[in-house]
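Below is one structure, written out as structure tokens; comments come after it.
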Amino acid sequence: MKTLLVPCDFSKTALEAFKFAIAMAKVIKGKIVVLHVIDLPMTYDSAFDGQSILVDPALYKAIADDARKRFGKLKLKHAKGFTNVSFVTEQGPVTPMIRQYMDIHKPDVVIMGTNGASGIKEFFVGSNTEKIVRFSKVPVFAIRKSREVSTVKNIVFPTTLQLNQRDFVKRLQELQRLFGAKLHILYVNTPSNFVGDGELNDYVKHYQLTNYTLNMRSNRHEQDGIIAFVNERKADMIAMATHARKGLSHFVSGSIAEDVVNHINCPVWTYALKKS
């Protein structure tokens, strides 16, 4: 049985992620854990030279109790008849606590709502979902609007045509089988990276992909080409690999998958490439 982790702040997009998780769990006969992170302001104990961080236990309990009541209403409205769902709270900064929970409890899939990010906020901060996409060791669904599993029939798969990604492609094929969907394999030619049709054909033969279309587009920026193609095809979902860049390399180079998560409306599935 697979465990689906749903970080939840009770926002509109978190509700959409929860609804999508319920639909997924019913299909795969999985269980859902809804995680609510309570980020309380810290105070410092002057008796210990400001080294001891204090959190008011009564305040935490009151906020946690309120969150449980809100989850009870959420479950009653959107998960009626589905019993394999639990609710937990953690205290601390949101993204680090989600990552810590994932490291300890090792869910199989993470499903998160996203509002995206833009402008200065995107450049310096990004969204919590984008940060989880960057660091997650398991697949992540970024959800802006929920949809029924049965309606996902066209998945856009942007690729760099690398032939050393068998772990990722195996996960991709599992995703395709789960939804019974067609893959629309996409390569975006840019001024610095240009290939011919033959390499696309070699790619699908190498991985023995089935039920697909082959597509090439040209754009100055790869992420812009992907977004334009997704809108053109009215795709139901995007499936992408992420290089999980960290630190300075992420700041300088960014991540195409993260950019797409921040700027697209349909569900986005991402999976971090393993080092080869």
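Heavy atoms only, all atoms of each residue included: Ile98 and Pro7 are closest at CD1-CB, 3.7 Å.
Aromatic rings from Phe168 and Tyr207 are positioned such that their centres are separated by 6.0 Å or more.
Listed by chain and number, the residues in a salt bridge (Lys or Arg N to Asp or Glu O under 4.0 Å) with Lys61 are Asp65 (sequence neighbours excluded). Considering only residues two or more places apart in sequence or on other chains, Asn265 meets the side-chain contact (heavy atoms from CB on, under 4.5 Å) condition with Arg144. By the side-chain contact (heavy atoms from CB on, under 4.5 Å) test, Ala64 pairs with Ile38, Tyr60, Arg68, Thr89, sequence neighbours left out. Here Asn201 pairs with Leu214 under the side-chain contact (heavy atoms from CB on, under 4.5 Å) rule; sequence neighbours left out. Here Leu161 pairs with Thr159, Tyr187, Val195, Glu199, Leu200, Tyr203 under the side-chain contact (heavy atoms from CB on, under 4.5 Å) rule; sequence neighbours left out.
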Side-chain donor-acceptor distances from residues 219-237 under 3.5 Å, at least two apart:
| residue | atom | partner | partner atom | Å |
| --- | --- | --- | --- | --- |
| Asn219 | OD1 | His221 | N | 3.1 |
| Gln223 | NE2 | Asp259 | OD2 | 3.2 |
| Asn231 | ND2 | Ile227 | O | 3.2 |
| Glu232 | OE1 | Arg217 | NE | 3.4 |
| Glu232 | OE2 | Arg217 | NH2 | 2.7 |
| Arg233 | NH1 | His184 | ND1 | 3.0 |
| Arg233 | NH2 | Asn215 | OD1 | 2.8 |
| Asp236 | OD1 | Arg147 | NH2 | 3.1 |
| Asp236 | OD2 | Lys153 | N | 2.9 |
| Asp236 | OD2 | Asn154 | N | 2.9 |

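Listed for the Thr3 side chain is no donor-acceptor partner under 3.5 Å among the backbone atoms of Pro107.
Applying the salt bridge (charged side-chain N to carboxylate O under 4.0 Å, His left out) test to residues at least two apart or on different chains, none of the pairs has a partner in residues 157-182. The stretch residues 64-101 participates, sequence neighbours left out, in these ring-ring contact (aromatic ring centres under 6.0 Å, His included) pairs: Phe71-Phe87, Tyr101-His105. Contacts classified as salt bridge (charged side-chain N to carboxylate O under 4.0 Å, His left out) and involving residues 15-27 (residues at least two apart or in different chains) are given here: Glu16-Lys19.
Remark: Ile132 CD1 to Leu5 CG distance equals 9.0 Å, nearest 0.5 Å. For the atom pair Asn189 CG and Phe194 CZ, the distance stands at 4.5 Å (nearest 0.5 Å). Within the model, atoms CD of Gln176 and CG of Leu183 stand 3.5 Å from one another, a figure rounded to the nearest 0.5 Å.
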